[in-house]
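Notes follow the structure.
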Amino acid sequence: MINYVYQLVAPGTFSVKYEEAQFGDQVIIKPRYMSICHADQRYYTGQRERSILDRKLPMALIHECCGEVLFDPAGKLKSGEEVVLIPNVPGEHSDIILENYAKGSGFLSSGRDGFLREFISLPKDRLVRHDGIPQKLASITEFVSVAAHSIRRFDSISHGIRNRIGVWGDGSLSFIVANLLKQAYPGSEVIVIGKNPGKLSYFTFADGTVLREELPASFEIDHAFECCGGDGSYYAIEDIIKHINPQGTVMLMGVSENRVAVNTRDVLEKGLAVIGSSRSGRADFEQAVSWMKNERFQRRLDMIIFEDEKVSSVEDIHRVFRMDRNTPFKTVFEWGL
C-alpha cells in the first residue's frame with residue numbers, strides 16, 4: 001500500500017514522499033482534523049537553530065490530530081470509530097518516570113514524521129476514543145492533554161494551600177490551563193495575568209484577570225502556572241517569584257528558544273518548587289477526553305478555535321500555516337488529502 005507523506009524539507013518548503021506502508025499489527029487510521037502548534041510554526045518559519053533543522057528535516061509536521069479507524073487487525077477497534085492520536089512514542093518503561101520523560105522516548109513531528117500523511121498506523125495504545133466530542137474540538141485533544149498533565153503533576157507535588165492560583169499568559173495554553181484548574185479545584189481562585197486586554201477578555205470564567213503592568217505590589221498567590229514561553233517567560237517567572245507565597249509550586253510550561261534568567265536567591269529563600277512540565281502521556285489524553293466531554297468546556301474551547309477551509313493540496317497546507325500566524329489562538333482544519 002502506497003502512503004503519501006507531506007514532509008517539510010526546508011522552512012516554507014513541502015515535498016510529497018511516497019512510501020510503501022507496512023502496517024503490520026498496527027491500527028490504520030485516516031486523519032480527519034488537525035491543529036497547528038507553535039512548534040510546527042517554528043519549523044515551518046525556520047525559527048529553530050540551523051543545526052536542529054538540519055538534523056530533523058525532512059519531516060512531516062503536526063502532532064495534534066483526530067481520525068477515523070479504517071482497520072484494526074486485532075479487531076479491538078471497529079472501522080469508523082473516531083479516535084484521537086497520541087504522538088508520544090514510549091521509551092524505557094518505568095513505574096516512576098512518566099512515559100513522556102522516559103529515556104528513549106520519541107515524539108511524532110519532532111525528529112519523526114508527524115500526522116501530515118494520507119494514512120497513519122499506530123499501536124492501539126496510542127489511540128483514545130473521543131465519543132461525544134466533535135472532531136473540530138477533538139483535534140486539539142493533545143493540546144488539552146498537555147494542560148491536564150501539568151495539573152496532574154501539580155496535584156502530586158504542591159502543598160494543600162491552594163486558595164489562589166495564578167496563571168501567567170493570555171494565549172491558548174493559559175486559556176486551557178485556567179479552564180482545567182477551575183474544574184479541578186472549584187474552591188480555588190484562579191487569576192490570569194496577561195499583557196493583551198483583548199485576549200484577557202476571553203477569560204470570563206476566571207475569578208479575575210490582571211494586566212501584568214498593573215500588578216499591585218500586594219498581589220499574592222499560593223501557586224503559579226507559567227504559560228508564556230518565548231521572551232515572555234523571563235517576565236512571567238520574575239513576576240511569579242516576586243508574588244508567590246513561601247513554598248509555592250511554580251509550573252513552567254512555556255517553551256523558550258533562549259536561556260531565561262531566574263532569580264535563584266528568592267527561589268531559595270522562599271523554598272519554591274519549580275517544575276518543568278512538557279508534553280503528555282496516555283493517562284493525560286484519557287483525562288483530557290473526560291474533561292472535554294463537558295458541554296460548557298466545549299463551548300469555551302470553541303471560542304479559541306479558528307477553523308480554516310479544508311486542506312486538499314500542498315498549496316492549502318501553506319495557506320493554513322500562513323493563516324495561523326495571524327490567528328490569536330488555535331487553528332484547526334479538516335484534512336482532505
Side-chain angles (χ1 to χ4, degrees), residues 35-39 41-42 45 47 136-137 140 143-144 146-147 150-151 162-186 188-245 248 250-258 260-261 263 277 294 296-308 322-332:
S35 178
I36 297 175
C37 172
H38 288 313
Q41 277 289 7
R42 285 193 290 271
T45 56
Q47 293 178 341
K136 180 176 75 170
L137 299 182
I140 69 167
F143 192 64
V144 178
V146 171
S150 71
I151 292 174
R162 298 167 180 168
N163 298 324
R164 176 179 279 188
I165 302 172
V167 179
W168 264 256
D170 47 32
S172 49
L173 179 59
S174 55
F175 187 89
I176 300 296
V177 168
N179 260 289
L180 296 189
L181 285 171
K182 287 303 298 179
Q183 292 194 52
Y185 309 110
S188 301
E189 272 191 287
V190 175
I191 310 297
V192 180
I193 299 89
K195 298 189 69 174
N196 187 313
K199 289 184 177 182
L200 284 176
S201 68
Y202 284 81
F203 292 78
T204 55
F205 57 89
D207 296 289
T209 60
V210 185
L211 285 170
R212 190 230 170 207
E213 292 79 5
E214 299 177 1
L215 269 176
S218 60
F219 183 74
E220 292 184 352
I221 50 167
D222 298 308
H223 306 285
F225 285 72
E226 179 273 313
C227 303
C228 296
D231 294 336
S233 290
Y234 167 77
Y235 299 103
I237 294 170
E238 181 182 54
D239 288 343
I240 290 169
I241 294 172
K242 178 180 178 181
H243 293 283
I244 196 169
N245 288 327
V250 183
M251 302 300 299
L252 300 182
M253 302 182 67
V255 176
S256 177
E257 295 297 318
N258 302 313
V260 176
N263 179 359
S277 182
N294 181 296
R296 176 179 292 181
F297 187 34
Q298 289 185 16
R299 290 193 295 271
R300 290 175 181 170
L301 289 176
D302 205 41
M303 293 169 57
I304 64 165
I305 285 179
F306 168 75
E307 182 177 1
D308 203 352
R322 290 194 299 266
M323 182 67 68
D324 179 68
R325 295 205 295 271
N326 299 313
T327 302
F329 292 114
K330 293 292 289 180
T331 299
V332 305

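Just so it is clear, the structure is predicted and the values come from calculations on it, not from any experiment.
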Just list the side-chain donor-acceptor pairs under 3.5 Å for residues 299-307, sequence neighbours left out, or say none.
{"residue": "R300", "atom": "NH1", "partner": "N179", "partner atom": "OD1", "Å": "2.9"}
{"residue": "D302", "atom": "OD1", "partner": "K136", "partner atom": "NZ", "Å": "2.8"}
{"residue": "E307", "atom": "OE2", "partner": "Y33", "partner atom": "OH", "Å": "2.9"}

Does [X] reach the side chain of [Y], with side-chain heavy atoms less than 4.5 Å apart?
X    : Y    : answer
V255 : R42  : yes
F225 : S277 : no
D222 : I165 : no
S35  : F143 : no
L180 : V144 : yes

How far apart are the closest heavy atoms of [X] and [Y], and which atoms are they?
X    : Y    : answer
L215 : F219 : CD2-CD2, 3.6 Å
S233 : G254 : OG-O, 4.1 Å
I244 : I241 : CG2-O, 3.9 Å
S174 : F203 : OG-CZ, 3.6 Å

Report the distance from atom [atom1] of [X] to atom [atom2] of [Y], rounding to the nearest 0.5 Å.
X    : Y    : atom1 : atom2 : value
I191 : T209 : CD1   : OG1   : 8.5 Å
R164 : E220 : CZ    : CD    : 8.0 Å
Y234 : N263 : OH    : CG    : 8.5 Å
M253 : S150 : CE    : OG    : 3.5 Å
L211 : L200 : CG    : CG    : 6.0 Å

Cation-pi geometry met for K182 and F205 (6.0 Å, 45°): no
Aromatic ring pairing F175/F329, orientation class (parallel under 30°, perpendicular over 60°, tilted between):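 Correct class here is tilted.
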I240: which of M251, H223, E226 passes side-chain contact (heavy atoms from CB on, under 4.5 Å):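 So, applying the side-chain contact (heavy atoms from CB on, under 4.5 Å) to I240 and each of M251, H223, E226, only E226 qualifies.
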Stepwise side chain to side chain contact (heavy atoms under 4.5 Å, CB included) check, H243 with I193: CA-CA 12 Å; H243 293 283; I193 299 89; over 6 Å; no
With R212, the side-chain hydrogen bond (donor to acceptor under 3.5 Å, both in side chains) member among N196, D239, D170: D239
Within 6.0 Å of OH in Y202, more than 12 heavy atoms from elsewhere: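 At most 12 heavy atoms, drawn from other residues, nucleotides or ligands, come within 6.0 Å of this atom.
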Atom CG of D231 with >12 non-hydrogen neighbours under 6.0 angstrom: no
Would a distance-only check, ignoring hydrogens and angles, find a side-chain to backbone donor-acceptor pair under 3.5 Å from [X] to [Y]?
X    : Y    : result
K330 : I36  : yes
D207 : V190 : yes
S188 : R162 : yes

Qualifying residues under ring-ring contact (aromatic ring centres under 6.0 Å, His included), relative to Y235, sequence neighbours excluded: none
